[in-house]
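Report on one structure; see the data block that follows.
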Number of protein chains: 4
Amino acid sequence: MPWKIQLVTNSPAPIFGQIVQQVRQAVAQGLLHAGDRLPTVRELADELVVNPNTIAKAYTELERAGVIAARRGAGTFIADGQCALTAEERERILTRKIEECLTEAVHLGLTQKHVLRLFTETAGRFRWPMK
Amino acid sequence: MPWKIQLVTNSPAPIFGQIVQQVRQAVAQGLLHAGDRLPTVRELADELVVNPNTIAKAYTELERAGVIAARRGAGTFIADGQCALTAEERERILTRKIEECLTEAVHLGLTQKHVLRLFTETAGRFRWPMK
Amino acid sequence: MPWKIQLVTNSPAPIFGQIVQQVRQAVAQGLLHAGDRLPTVRELADELVVNPNTIAKAYTELERAGVIAARRGAGTFIADGQCALTAEERERILTRKIEECLTEAVHLGLTQKHVLRLFTETAGRFRWPMK
Amino acid sequence: MPWKIQLVTNSPAPIFGQIVQQVRQAVAQGLLHAGDRLPTVRELADELVVNPNTIAKAYTELERAGVIAARRGAGTFIADGQCALTAEERERILTRKIEECLTEAVHLGLTQKHVLRLFTETAGRFRWPMK
DNA sequence: GTGGTCTAGACCACT
DNA sequence: GTGGTCTAGACCACC
């Protein structure tokens with residue numbers, strides 16, 4: 001992998017969830033591309049010093065989300081998943097996420113201008129669909 | 001309260017967490033202001049039909065976060081919480097939230113333009129500090 | 001539960017998959033309704049004589065599919081899930097299933113008339129959306 | 001072969017299983033007839049770019065099911081397989097398949113009318129026994 | 001050697 | 001007492 005997964009063991013976020021999020025983000029940022037091979041369950045388990053079942057759970061979750069595809073006997077690969085949800089559902093999901101984000105921002109005492117700048121800058125580090 | 005808390009019992013999010021998030025969001029949107037009185041634990045427990053312990057846990061969490069303050073014998077009130085973190089720490093926290101948001105957006109197949117528009121629109125419904 | 005889950009231990013289908021399919025079918029046939037409570041993980045594990053983790057895996061899968069909703073500390077309930085896939089995706093998925101079904105039918109040497117009758121009869125035992 | 005086998009490598013379905021299903025479906029749709037010659041294991045392995053062992057496993061499975069027959073030194077041919085099961089057993093097997101199909105349909109939120117139309121249309125693309 | 005399933009048993013978060 | 005997470009270790013299907 002072109003980068004390292006960072007686990008925070010003293011976190012309320014479960015280990016498998018941290019792995020899921022970091023792989024999803026790497027894909028969204030274009031650090032991982034469709035067809036790239038992920039480390040095997042056992043390799044990653046050794047590297048992160050967690051139980052192989054925990055890695056397997058993360059990979060299962062990612063597969064269910066269409067982010068990766070596991071092939072028995074061959075390994076695990078980044079998929080070129082297309083989201084099949086309706087347009088309304090997608091907006092609904094994202095709006096909720098954005099509201100969480102903004103709630104946090106206001107409570108942190110940041111200004112609207114500052115937040116918009118941070119959002120735009122960060123968006124530039126992601127890999128957007130062309131369509 | 002000027003608005004109703006909406007609980008989704010069919011949700012992986014814990015009940016107390018939903019309450020915390022909705023109070024925080026109401027404050028961030030200016031629906032609740034510093035000094036406003038919240039319902040008592042028992043009142044809210046009756047209204048939402050949940051265990052009083054669950055409400056108490058939500059209030060404890062909100063107090064720990066500096067969003068509300070309980071005054072013995074008087075009730076619970078919205079605090080005018082000032083965030084005591086350093087500027088760097090605040091940016092770090094928000095950036096992580098924004099990254100989660102953008103990761104979701106890319107996986108939903110939305111365009112950068114669409115997401116920026118949605119973010120800006122939603123930000124307009126929040127109450128920002130003047131500073 | 002108004003009916004019993006039947007496990008075939010000598011089957012290529014995994015145990016958790018058999019549970020998933022049978023719960024899905026019970027919901028589709030109207031034997032289980034939104035809001036109904038399922039047995040606890042431990043209860044069902046005892047009843048079917050399998051490991052609680054196996055039941056938990058089945059429940060997790062069903063939750064991900066939106067068929068049930070688990071509430072920590074409260075139990076597991078049938079959800080009133082709405083499918084948010086696009087119309088094309090839904091037709092695509094079902095057509096593939098139908099093709100599998102028909103392939104099987106032809107290889108069994110059944111006549112078209114016979115199969116259509118069986119299909120229509122069986123459909124009558126399901127609970128269809130009104131819309 | 002009058003048509004091409006399409007492998008989906010990003011799929012939980014095993015490669016050999018996809019081959020088995022597609023040959024069975026081609027026979028059921030009349031694209032392959034009794035006596036037609038199939039490619040050799042090596043030819044098909046080269047064409048699909050998979051391990052010859054995988055093709056061999058698919059052929060073994062198809063032969064076991066009576067769909068094809070290998071003749072030493074001559075090649076592999078589509079058999080005119082007669083299903084040796086009792087009428088009851090055949091109905092039982094098909095009913096289970098139909099139930100899976102209908103369970104999926106209901107969960108996709110499709111109407112009974114829609115599903116019946118799709119089933120009838122698809123059935124028209126299959127080659128049924130005259131008997 | 002790869003991922004998938006299952007068991008056994010521990011601990012935690014939530015109601 | 002409920003479901004959720006994690007560990008440990010076994011066996012199987014697939015390539």
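In what follows, every heavy atom counts, from backbone to side chain, and hydrogens, waters and symmetry copies are set aside. Reminder, nothing fancy here: chain letters follow the sequence lines and each chain counts from 1.
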Restricting both atoms to N or O, compile the protein contacts to nucleotides 11-14 of chain E shorter than 3.5 Å, with distance only.
unit_1, atom_1, unit_2, atom_2, d
dA13(E), O4', Arg72(C), NH1, 3.4
dA13(E), O3', Arg72(C), NH1, 3.4
dC14(E), OP2, Lys57(B), NZ, 3.0

Nearest-Å distance for atom pair CG/P, residues Leu7(D) and dC15(F): 10 Å
Nearest 0.5 angstrom please: Gln21(D) CD to Leu62(D) CG, how far? 10.0 Å
Please report, rounded to the nearest Å, how far the C1' atom of dT2(E) is from the CG atom of Leu38(A). 13 Å
Stems field, DNA chain F, Watson-Crick or wobble, 3.5 Å, at least 3 pairs, by first number, holds E:1-14 with F:1-14
If I take atom CG in residue Leu62(C) and atom P in nucleotide dG3(F), what distance separates them, rounded to the nearest angstrom? 13 Å
Using the closest heavy atom to pick a nucleotide of DNA chain E for each, name whichever of Arg71(C) or Thr76(A) lands nearer the 5' end. Thr76(A)
Judged by modelled atom types alone, do Gln22(C) and Gln6(C) share a side-chain donor-acceptor pair under 3.5 Å? no
List the residues meeting side chain to side chain donor-acceptor pair (under 3.5 Å) with Gln18(D), not counting sequence neighbours, and say none if there are none. none
Which nucleotide in the set dT7(E), dT2(F), dT2(E) lies at the smallest distance from any side-chain heavy atom of Val50(C)? dT7(E)
Let me have the donor-acceptor pairs involving side chains of residues 41-50 of chain A, under 3.5 Å, with sequence neighbours excluded, atom names and distances please.
unit_1, atom_1, unit_2, atom_2, d
Glu43(A), OE1, Thr40(A), N, 3.3

Side chain of Arg37(A), backbone of Ala74(A): donor and acceptor closer than 3.5 Å? yes
For Asp46(C) and dT2(F), give me the distance from atom CG to atom P, rounded to whole Å. 10 Å
Within the 4.0 Å heavy-atom criterion, would you say Thr60(A) contacts the bases, only the backbone, or no part of the nucleic acid? nothing
Spacing of Arg37(A) atom CZ relative to dT2(E) atom P, expressed in whole Å: 7 Å
Sequence-distant partners of Ala84(A), side-chain contact (heavy atoms from CB on, under 4.5 Å), two or more places apart: Leu85(C), Glu89(C)
Taking dA8(E), dT15(E), dG4(E) as options, the one with an atom nearest any side-chain atom of Asn51(C) is dA8(E)
Are Ile19(C) and Leu7(C) side-chain neighbours, meaning at least one heavy-atom pair lies under 4.5 Å? yes
Rounding to a whole Å, what distance do you find between Ile55(A):CD1 and dT7(F):C1'? 13 Å
By side-chain contact (heavy atoms from CB on, under 4.5 Å), Arg64(B) pairs with (sequence neighbours left out) Glu61(B)
Between P of dC6(F) and OH of Tyr59(A), the distance in whole Å: 16 Å
Both Ala13(D) and Thr40(C) contact DNA chain F. Which one's nearest nucleotide lies toward the 5' end? Thr40(C)
Does CZ in Arg96(B) sit with more than 12 non-hydrogen atoms of other residues, nucleotides or ligands closer than 6.0 Å? no
With sugar-phosphate meaning primed atoms plus P, OP1 and OP2, does Asn53(D) contact a base, only sugar-phosphate, or nothing at under 4.0 Å between heavy atoms? nothing
Starting at CD of Gln18(C) and ending at C1' of dC6(E), how long is that distance when rounded to a whole Å? 13 Å
